[in-house]
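What you are looking at is a predicted structure, and each value in this text was computed from that prediction instead of being measured.
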Amino acid sequence: MIQVCDFSKAYKSSFKISGINFSVEPGKITALVGANGSGKSTIIKAICGFHYADGGQILVDGKIGYLPEVSNLPDKLYTADFLTYAARSYGLSGSQLDFAVRQAVTKCGLSDVLTKKIKTLSKGYKQRVSLAQALIHDPENLILDEPVSGLDPLQISQLHRLIKDFSSTKSILISTHILSEVESLCDNVVLIKNGRQLGFGSKADLKKLMEGEFGEI
């Protein structure tokens with residue numbers, strides 16, 4: 001469970017985010033929707049603890065798994081070695097580490113690339129590896145920043161199926177500017193424009209507002 005309560009953040013450039021209020025519930029996929037530069041990544045990074053709010057509160061119940069928009073994976077590592085490193089970074093060891101890696105590999109469909117260096121993987125497989133590291137410690141909350149950026153239609157479909165599978169047991173927040181992704185994948189929507197929240201509710205309730213405000217993004 002994630003709750004964002006009257007969040008605000010100001011920058012020296014005079015851009016300010018304020019009045020952000022929404023929750024991400026277990027078993028639901030919530031979309032944070034807005035054009036590039038609207039403040040989505042700032043909100044997500046605050047939830048993950050990369051920086052602090054200037055005002056309001058962010059409450060997180062449970063662990064967080066984070067998939068950044070641009071995954072800076074270590075190209076020279078083999079997939080298996082990277083996932084082992086990721087598990088260790090969360091404090092896992094011994095049988096717990098082995099189980100966590102096996103689970104992440106199975107859930108993300110990585111068994112065929114465990115012995116391959118990350119630099120040799122396709123964009124789709126690199127995104128799966130990034131998702132596996134976000135899941136490897138079995139977090140209650142999963143945050144995905146533009147998860148399908150740069151993927152082809154087949155890879156997008158495959159990743160969406162994975163995300164839907166995970167949503168049965170996790171609270172998932174997805175940052176996106178693709179309305180078709182919201183329509184096919186998400187339950188609830190937070191609409192952001194120029195650092196302001198325009199609405200929060202079910203995608204059915206906010207469909208007309210989304211189309212009116214973001215139909216061209």
Legend entry - Rounded distance [0.5 Å steps], CG in Asp145 versus OG in Ser175: 4.5 Å
Legend entry - Val33 side chain reached by His177 side chain, heavy atoms, under 4.5 Å: no
Legend entry - Straight-line distance of Asn141 CG to Ile47 CD1, nearest 0.5 Å: 9.0 Å
Inset, instruction - List the steps, then state whether side-chain hydrogen bond (donor to acceptor under 3.5 Å, both in side chains) holds for Ser95 with Asp98. - result: CA-CA 5 Å; Ser95 60; Asp98 294 338; over 6 Å; no
Legend entry - Test item: side-chain donor near acceptor, Glu25 and Ser171, under 3.5 Å: no
Legend entry - Between NZ on residue Lys119 and CG on residue Leu73, distance to nearest 0.5 Å: 14.0 Å
Legend entry - Option passing side chain to side chain contact (heavy atoms under 4.5 Å, CB included) with Ile43 (candidates Ile58, Leu173, Ile192): Ile192
Inset, instruction - State whether Tyr125 and Arg128 meet the cation-pi test: NZ (Lys) or CZ (Arg) under 6.0 Å from the six-membered ring centroid, and within 45° of the perpendicular axis. - result: yes
Legend entry - Gap separating the CD1 atom of Ile136 from the SG atom of Cys108, nearest 0.5 angstrom: 9.0 Å
Inset, instruction - Using only heavy-atom distances, determine whether the side chains of Arg102 and Thr106 contain a donor-acceptor pair under 3.5 Å. - result: no
Inset, instruction - Would you tell me whether Asp54 and Ser8 have side-chain atoms, one donor and one acceptor, within less than 3.5 Å of each other? - result: no
Legend entry - Asp138 with Lys170: basic N within carboxylate O range, under 4.0 Å: yes
Legend entry - Short side-chain donor-acceptor distance under 3.5 Å, Asp187 and Thr30: no
Legend entry - Other residues, nucleotides, ligands: >12 heavy atoms within 6.0 Å of Lys116 NZ: no
Inset, instruction - Go through the side-chain N and O atoms of Asp81 and Thr84 and say whether any donor and acceptor fall under 3.5 Å apart. - result: no
Legend entry - Point-to-point distance, once rounded to the nearest 0.5 Å, from CD of Glu181 to CD1 of Ile29: 9.5 Å
Inset, instruction - Check whether any side-chain heavy atom of Asn21 lies under 4.5 Å from a side-chain heavy atom of Val4, and answer yes or no. - result: no
Inset, instruction - Taking the side chain as every heavy atom from C-beta outward, state whether Ser38 and Lys193 have any atom pair closer than 4.5 Å. - result: no
Inset, instruction - State yes or no: do Leu121 and Ile156 share one hydrophobic cluster built from I, L, V, M, F, W and Y residues joined by side-chain heavy-atom distances below 4.5 Å, directly or via other members? - result: no
Legend entry - Residue pairs involving residues 56-95 (criterion ring pair (Phe, Tyr, Trp, His ring centres under 6.0 Å); sequence neighbours excluded): Phe50-Tyr66, Tyr90-His137
Legend entry - Gln96 atom CD, over 12 foreign heavy atoms within 6.0 Å: no
Legend entry - Flag side-chain contact, heavy atom, 4.5 Å: Leu142 against Leu131: yes
